[in-house]
2 protein chains.
Amino acid sequence: MTISTDSKPGDDARGEKENKERVVPTLASIAERVGVSANTVSRALRAPNTVRPELRKRINIAMEELNYVPNRLAGGLSGTRTDIVGVVVTSLYYSEFASIIDTLQSSLLEHDLQVMLANTRYNPDQELKLVRSILSWRPAAVAIIGIDHPPKVVELLKSSGIPIIEMWDTSGPVIDTAIGFDHQAVGAAQARHLIDRGYRTLAFVGSLRENDRRARKRLLGLETEAVKAGITPVITCTEPIGGSPDLGEKLALHVLQTHPGIDAIVCNSDVVAFGVMRGLRNLGRRVPEDVGVIAFGDNEAAACITPPLTTIRPDRERIGRLTADAIVARINGGEPQTTIVDWKLVARESTQREATDEGG
Amino acid sequence: MTISTDSKPGDDARGEKENKERVVPTLASIAERVGVSANTVSRALRAPNTVRPELRKRINIAMEELNYVPNRLAGGLSGTRTDIVGVVVTSLYYSEFASIIDTLQSSLLEHDLQVMLANTRYNPDQELKLVRSILSWRPAAVAIIGIDHPPKVVELLKSSGIPIIEMWDTSGPVIDTAIGFDHQAVGAAQARHLIDRGYRTLAFVGSLRENDRRARKRLLGLETEAVKAGITPVITCTEPIGGSPDLGEKLALHVLQTHPGIDAIVCNSDVVAFGVMRGLRNLGRRVPEDVGVIAFGDNEAAACITPPLTTIRPDRERIGRLTADAIVARINGGEPQTTIVDWKLVARESTQREATDEGG
DNA sequence: TCGCATAAAGTTATCGCTAACGCAACGCTC
DNA sequence: GAGCGTTGCGTTAGCGATAACTTTATGCGA
């Protein structure tokens, strides 16, 4: 295989000799070449069966030869609607929302809808800026993570007049349509699970960004449920940085130093739990015998680490697919509605206490 | 002939009373409200210091009150360029490209460039469709994973006349600018590492999609280097589906059944390796004593599983950042260039053979 | 006071496409 | 063969911004 790296971007141009200045072809140039009006070319694209087959074929050939790519800025400006769907997520790290985006975008593709992505990184100012930016492209719809947005964001989204799908969280007032689940219930389930398994001294650990409202809801659920059982969990969190194994390890060391009696740790994410378990190992604490660990997210590695991690599995692909469905439905005049998507507590070894000294 | 359109979208004028139908404000409506021409409002946005401060303030207030969001379809059509950057990736699962996208988009945001995302899922037909779709938005630049594209895609990208940044792979002819590394060298390094550690019977395992050219390059490097040492690796791959722990487990069982003598497994991705190690455990093979495992990707969990996984760590964030830099530079007239980004073989326990019976 | 540079706004002409309408040419019915 | 619906394509008028001018104040030196 010969690899030559000096490829001039432009010296291919086998058609137009004098292609010094690349001329991006327009509908009009296609029309001229074929000898019809621009509108006929437009029709050949949008409503092919209104154009004579023979003519249509000639038009298609011309478009192919000139490498015509329609200008959707013009199309969108002229027509009523674009085929953009704005997608706003709060994070792209790890697997948190990647697979939602994955299924969402591939489902939308079937309807010829194009994703415009924005990542707020849990920064509300950025969220406003990005939502504004996305709306300026006059998208057909917007899908956004969460239901807790700055007031201005809500105002903008509402006044845009397009379908707004809020994903991931459904516990609260919604702008239009929501698809997700109740995070407080997740926290409660985590607490219940640990208590049922005989754990008694709970800690919550992780990166709890101020604007990660979902994490706060889970924590609230955890506390509420624990208090019911007469337990007050220890909270150890960091604010600014995101979750990572290293953070988990650090927090595990810290929390067990300050509260040696802790026998169960709830992690804000699986990735943090990975580090927590490493930290526990370094401290000589056995999981699950000495300390139980439960997390949230069901990262792809959760079942592969030692011991396998008990965690919460949200059905991300379902959320992605249902969001795409909802977008299409709403665009076609369907009614707004809120859909709860199931999640599962996947009990693995990390919370499997051998002997339950006190029954749950 | 006088054409009279009964449904004047302008007869709301300033009578906001009858606001049953939401009216999306335009530059003109702001202008009217303030009592200036549309162009002045436009200037207040684009070149604020050409507008009297007092007037500018009134314009800003009006925009705020009406929740004005500029229509960039119009702006892009009229102006020379949009602030869209098309980003084309081959996968969104797991951590493969998520963090590239993450850094890329947040770096671009600093320059007010907006990401439009497309995911080809390793499907060349989809790649063509998506590239066409992205180009139809007249982006300022396109960043795309890989350097091996269908000819038509290359043709379209070249004839678009905008900067094209190819990411992740640099081993071959490039359209314009590339930022990545040589995957064949990665494969060679994997082989050398295993051989140096005393492993002698190598297997390559994973999902090897036909259009994942990078994986094939790594495999080629692996084979070439192994053959130099008189070793012929066993290849066991699946085509259609993507990599996952379950796949890894299945393949590990299979490969050790058919080739019991294997003492080292190279995995196409960390996620596959997670499953491979689980499979080995189930078979009673110790890692790294009986079988060494090396992978590619440096997933966030790689250092947390047991034993910690030896793997290749590409500098994704650097690639993301450099890609953003390159885009900005190229837009501002900089020259195309190819940049090699370092990767690292992170040696952990999964290839740490206690006794090296034969020196490397 | 005139002349001229400068500042601050208004005018006009696109950008490339689509929607709505216009209008031949044709086929069908009675 | 008059009437009328179809088919197939052309014409015209925007969509909402920006760029390039033009026009109208304003300041300032000679």
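Order of the sequence lines sets the chain letters (A, B, ...), proteins ahead of strands, with each chain counted from 1. Keep in mind that what you see is a predicted model, and the values were worked out from it rather than measured.
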Listed pairs, N/O of protein and of nucleotides 5-7 of chain D, under 3.5 Å:
none

List, with names and distances, any nitrogen or oxygen atoms from the protein found under 3.5 Å away from nitrogen or oxygen atoms belonging to nucleotides 24-28 of chain D.
none

Testing B:Leu156, B:Ile327, B:Asp176, B:Ile134 for side-chain contact (heavy atoms from CB on, under 4.5 Å) with B:Val142, which one passes?
B:Ile134

Exercise: identify the closest heavy-atom pair between [X] and [Y]:
X	Y	answer
A:Thr103	A:Gly320	OG1-CA, 3.6 Å
A:Trp137	A:Thr82	O-CG2, 3.8 Å
A:Ala62	A:Val34	CB-CG2, 3.6 Å

Side-chain touch [X]/[Y], heavy atoms, less than 4.5 angstrom:
X	Y	answer
B:Trp168	B:Ile100	yes
B:Ile30	B:Leu66	yes
A:Val174	A:Thr170	no

Roughly how many Å is it from [atom1] in [X] to [atom2] in [N], rounded to a whole number?
X	N	atom1	atom2	result
A:Ile59	C:dC17	CD1	P	13 Å
A:Arg81	C:dA19	CZ	P	11 Å
B:Leu77	D:dG16	CG	C1'	9 Å
B:Leu27	D:dC15	CG	P	13 Å
A:Tyr68	C:dG16	OH	C1'	8 Å
B:Leu45	D:dG16	CG	P	16 Å
B:Asp83	D:dT18	CG	C1'	14 Å
B:Asn71	C:dC17	CG	P	17 Å

Contact string for nucleotides 8-14 of chain C, one letter per nucleotide 5' to 3', B = base within protein heavy-atom range under 4.0 Å, S = sugar-phosphate only, - = neither, reads SBBB---

Does a nitrogen or oxygen in the side chain of A:Arg72 sit under 4.0 Å from OP1 or OP2 of C:dT18?
no

Residues [X] and [Y] bridged, charged N to O under 4.0 Å:
X	Y	result
B:Arg213	B:Asp169	no
A:Lys152	A:Asp125	no
A:Arg318	A:Asp325	no

No-hydrogen, no-angle side-chain donor-acceptor test under 3.5 Å, B:Thr40 and B:Ser37
yes

